[in-house]
Amino acid sequence: MGRGQHGKVDLIAPRLPMLSRRLVLFAPVPGLAVCAWPFHATAQTDAPPMLAAVQLLVGVERTAKLHLERRLLNTRAAQESAKERQRIEAASRLLLEQPKALQRLSERRRTQISAAVQAAADFAAAPPDSAGELLRESEALAPRLGFVSTALAGLSTDPARAAQLDLLARAGSSALRIGKFNLAAAAGSPRAELRVSATQALTEFSAALQSVGEQDLQAGQRRELQLVRHQWTLFIAALGSDGLARDAQALADIASTTDRMAETLASMARRGTA
């Protein structure tokens, strides 16, 4: 991968590895791949762009979390960051090629989507070293990528399924944001400035999870939803009401569990688009 004019990333044909990871609080679920939203493998003709959009939404948050994590914890965060970057490159390339579904949008909307997608690729290629700048850039990208996901969901030929996928992506993104804020606090960012954002992420995750309609889920998806809810119940016990860790010793558990919840939500998405 290289950089073209104006510092933009020249997207190359990526590999899309399926990866497994031992996480601290919960035993692995066989067959899961960490946060890999399967935009490259689905029978729905309009699903790949939508899945690419949610890969960016989740992937930027995971990239930011991993960048902080590898500086604080003895984990495989550096390896995971490289793999997440490959996924973001693949998703960005698909959307920058302007798939047929996007042609139904106005030129202005397509330009906005392309700019947001390119910004996500640039962020993944070279995340800021400063924890403060990392937070600012990833937080600025979140609403832009949320717009991309919502815009593509509105083009779907199966609106109910697209809305469900958007909810799963937002829940996964919110879980990773909670991990990101806790790692940023441990890295020295002022806790007072992080409390509002962490509390907001807690609320957004809970709201997204409650909005997932169980009646529309397959049996496997319902089991995974129950798993996420169980993970969530145990997870929030380690957090204060402000969304930040009660005890610094819980940091590794928080980092791994936010990955686990996002992973399970990604598995639900795979089942829903198979």
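Sequence positions, counted from 1, serve as the residue numbers for this chain.
- Residues L56 and F123 fail the side-chain proximity criterion, which asks for heavy atoms closer than 4.5 Å.
- The CZ atom of R271 lies 9.5 Å from the CE atom of M268; values are rounded to the nearest 0.5 Å.
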Side chain to side chain contact (heavy atoms under 4.5 Å, CB included) between F235 and R260, worked out: CA-CA 11 Å; F235 177 63; R260 172 58 64 185; over 6 Å; no
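- At least one donor-acceptor pair under 3.5 Å links the side chain of R104 to the backbone N or O of L155.
- Remark: side-chain polar atoms of S173 are not paired, donor with acceptor, to backbone N or O of A169 under 3.5 angstrom.
- Side chains of T150 and R170: a donor on one and an acceptor on the other come within 3.5 Å.
- Nearest heavy-atom pair, A140 versus P143, reported as atom, atom and distance to 0.1 Å: O-CD, 3.4 Å.
- Annotation: side chain of Q226 is not in contact with side chain of H230 (no heavy-atom distance under 4.5 Å).
- Q55 has its side chain out of reach of L51: every pair of non-hydrogen atoms, C-beta onward, lies at least 4.5 Å apart.
- Contact check for F147 versus I113: side-chain heavy atoms found under the 4.5 Å cut-off.
- Here the side chain of S81 pairs a donor or acceptor atom with the backbone of A77 at under 3.5 angstrom.
- Within a 6.0 Å sphere centred on CD of E107, other residues, nucleotides and ligands contribute 12 heavy atoms or fewer.
- Nearest heavy-atom pair, L96 versus S114, reported as atom, atom and distance to 0.1 Å: CD2-O, 3.7 Å.
- The nearest pair of heavy atoms linking A124 to T63 is CA-CG2, 4.2 Å.
- Taking the charged nitrogens against the carboxylate oxygens, E97 and R93 do have a contact shorter than 4.0 Å, which makes a salt bridge.
- In this structure, the side chain of S149 does not engage the main chain of L145 through any donor-acceptor pair within 3.5 Å.
- Here the closest heavy-atom approach between residue L134 and residue A64 is recorded as CD2-O, 3.3 Å.
- Counting only heavy atoms from C-beta outward, the side chains of D166 and M50 approach each other to under 4.5 Å.
- The backbone N or O of L217 lies less than 3.5 Å from a partner atom in the side chain of R222, making a donor-acceptor pair.
- In this structure, the side chain of R161 does not engage the main chain of S156 through any donor-acceptor pair within 3.5 Å.
- Between the side chain of R110 and the main chain of L105, a donor-acceptor pair closer than 3.5 Å is present.
- Note: H67 NE2 to E84 CD = 14.0 Å, rounded to the nearest 0.5 Å.
- Taking 4.5 Å as the limit, every side-chain heavy atom of F181 sits out of range of all side-chain heavy atoms of I254.
- The side chain to side chain contact (heavy atoms under 4.5 Å, CB included) search around Q79 returns R76, not counting sequence neighbours.
- Note that CG of L202 and CZ of R177 are 10.0 Å apart. Values are rounded to the nearest 0.5 Å.
- Annotation: the span from L168 atom CG to E224 atom CD amounts to 9.5 Å, rounded to 0.5 Å.
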Evaluation steps, side chain to side chain contact (heavy atoms under 4.5 Å, CB included), between L265 and F205: CA-CA 11 Å; L265 292 162; F205 179 88; 4.2 Å; yes
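- A donor atom on one side chain and an acceptor atom on the other are found under 3.5 Å apart for R109 and Q112.
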Step-by-step side chain to side chain contact (heavy atoms under 4.5 Å, CB included) determination, R70 to E80: CA-CA 10 Å; R70 70 182 184 182; E80 296 295 330; over 6 Å; no
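- No donor-acceptor distance shorter than 3.5 angstrom exists from the side chain of K180 to the backbone of L135, with no hydrogens or angles considered.
- Looking at heavy atoms from C-beta onward, T258 lies out of side-chain contact with N182 at the 4.5 angstrom threshold.
- Inter-residue side-chain proximity for L152 and V54 is flagged as unmet; no heavy-atom pair is nearer than 4.5 Å.
- In this structure, CG in L251 is found 6.5 Å from CG in L72, a value given to the nearest 0.5 Å.
- Looking at R71 and D129, no side-chain N of the basic residue comes within less than 4.0 Å of a carboxylate O on the acidic one, giving no salt bridge.
- Nearest heavy atoms, R62 versus L176: CB-CD1, 3.8 Å.
- The main-chain N or O of T199 is found under 3.5 Å from a side-chain atom of T203 such that the two form a donor-acceptor pair.
- Between the CD atom in E263 and the CG atom in L227 there is a gap of 9.5 Å [rounded to 0.5 Å].
- In terms of heavy-atom proximity, I178 sits nearest to A201 at CG1-CB, 3.7 Å.
- L141 and L94 fall within the same hydrophobic cluster, defined by Ile, Leu, Val, Met, Phe, Trp and Tyr side-chain heavy atoms under 4.5 Å apart, directly or through other members.
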N/O donor to acceptor pairs below 3.5 angstrom from side-chain atoms of residues 238-250, sequence neighbours left out:
from, atom 1, to, atom 2, distance (Å)
D242, OD1, L244, N, 3.0
D242, OD2, R195, NE, 2.9
R246, NE, A237, O, 3.4
R246, NE, L239, O, 2.9
R246, NH2, L239, O, 3.0
D247, OD1, Q249, N, 2.9

